[in-house]
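One structure is given below, encoded as structure tokens.
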Amino acid sequence: MDTQGINSIERIQILGVNVDVCKPEELENAVLEILASPGTKQIVFLSIWDLLKARKKKTDFAQCINSADLILPVSKSIISGAKFLKKNIPVRYNPFDIVINILSIMENHGKSLYLLGGMKKSLMKAESNIRETYPELQIVGRYVGYYPKQKENDIVQGMFKASPSLVILGDGIKEKNLWPYNRRNSFSSSIFLYYKESIGIFSERIRRVGEKTFEKGHEIFWEIAHNPLKIFLVFPYIRYIILLVWYRLFKKKS
């Protein structure tokens, strides 16, 4: 994985964590540039919570995030943070919209897809819906999430042999973004993208966050409605604000 990101996209840092400034019109060329590079590649959807976690420089998670080939912010607070720190402003993306765009890019350029995650019924339905929507996209494999550890080698070997252009990871992958990072030496050419809700949304099992809710940055309230314990995320958010002020006052040159 390239620690510098891709050549055509500007990479900034917010609180010491890499974030890419990728405009919508640059996305297709960026994805194709990633595809053309050798080795295991990764696209990351960066939330404010991931950003805070990635500040611990010596962890595998920090290395995974900062070395990803494309790091796209999905939290409105990251955009506000960039403005506050007087950085170039990255574009905030809705993860599902980007997945749709990337699948279209893959189809238009004759590329292939592998799906990993979800329960069997959801995975099969998701595959069927993707085939219907993207008839020219070749799906070269799929495997359920929540799989037993003894199936790990079979999955990795099967994925290596299939050599998909893109692997979408969904629910049931415990390591989340770390799954491809921890196995980066086991693949030769694939792009990996973790989006927990992907299989559920494609299978029509779960609803995606509404466009207006996302645009306003209110998706956290949607998440709290589904998991009330997320109300406690207010504390790391306060920490984020304090860190921004500290960086603005004392780390102007960083």
Side-chain angles (χ1 to χ4, degrees), residues 1-14 16-47 50-51 54 60-75 78-79 82 87-116 130 133-134 136-141 159-170 176-195 198:
M1 295 184 183
D2 186 356
T3 57
Q4 301 301 317
I6 52 181
N7 295 327
S8 60
I9 300 299
E10 179 186 5
R11 176 158 288 186
I12 63 172
Q13 285 198 335
I14 299 177
V17 177
N18 290 337
V19 179
D20 287 326
V21 182
C22 179
K23 299 176 183 177
E25 63 270 21
E26 298 173 323
L27 181 65
E28 181 168 2
N29 285 338
V31 170
L32 293 177
E33 187 178 337
I34 295 171
L35 270 172
S37 63
T40 301
K41 286 89 65 172
Q42 190 165 7
I43 297 175
V44 168
F45 294 143
L46 187 71
S47 70
D50 289 335
L51 186 148
D60 285 345
F61 184 79
Q63 291 295 321
C64 168
I65 297 300
N66 285 301
S67 67
D69 297 86
L70 189 59
I71 307 166
L72 301 176
V74 298
S75 294
I78 295 178
I79 310 306
K87 304 275 189 177
N88 286 343
I89 311 302
V91 176
R92 176 178 176 242
Y93 287 103
N94 185 319
F96 186 74
D97 289 344
I98 289 299
V99 169
I100 292 297
N101 288 341
I102 292 176
L103 287 176
S104 294
I105 293 168
M106 295 293 163
E107 181 183 38
N108 292 338
H109 291 272
K111 304 302 181 180
S112 58
L113 172 68
Y114 190 108
L115 298 170
L116 179 62
I130 291 173
T133 307
Y134 305 94
E136 301 302 318
L137 178 64
Q138 185 181 7
I139 301 180
V140 294
M159 197 178 291
F160 174 80
K161 290 177 181 178
S163 191
S165 306
L166 174 69
V167 179
I168 293 180
L169 309 173
K176 302 179 181 179
N177 277 309
L178 279 172
W179 195 93
Y181 178 80
N182 289 336
R183 297 158 184 81
R184 59 192 179 278
N185 296 323
S186 298
F187 307 105
S188 57
S189 61
S190 301
I191 297 177
F192 289 81
L193 189 159
Y194 172 75
Y195 176 36
S198 57

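Computed from a prediction, not measured in an experiment: that's the story for all the values here.
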Going from [atom1] on [X] to [atom2] on [Y], what distance comes out if it is rounded to the nearest 0.5 angstrom?
X	Y	atom1	atom2	value
Ile105	Leu166	CD1	CG	10.0 Å
Leu35	Ser165	CG	OG	5.5 Å
Ile43	Ile102	CD1	CD1	4.0 Å
Gln42	Ile71	CD	CD1	9.5 Å
Asn177	Ile65	CG	CD1	5.0 Å
Ile9	Lys23	CD1	NZ	9.5 Å

[X] (side chain) donor-acceptor with [Y] (main chain) under 3.5 angstrom:
X	Y	answer
Ser198	Tyr195	yes
Arg11	Asp20	no
Asn66	Asn18	yes
Glu107	Glu136	yes
Lys41	Ser189	yes
Ser37	Ile34	yes

For this session: Please determine, by modelled atom types, if Ser47 and Ser75 share a side-chain donor-acceptor pair under 3.5 angstrom.
Result: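 No.
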
Problem set entry | Ring centroid separation Tyr194 to Phe45 under 6.0 Å | no

Exercise. Which heavy atom in Val17 sits nearest to a heavy atom in Leu46, and how many Å separate them?
Worked result: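 Taking Val17 first and Leu46 second, the nearest heavy atoms are CG1-CD2, 4.4 Å.
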
For this session: Work out which heavy atom in Pro164 is nearest to a heavy atom in Val140; give both atom names and the distance.
Result: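 So the two residues come closest at CB-CG2, 3.7 Å.
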
Exercise. So with a 6.0 Å cut-off around CZ of Phe61, is the heavy-atom count from everything else above 12?
Worked result: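 More than 12 within 6.0 Å, yes.
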
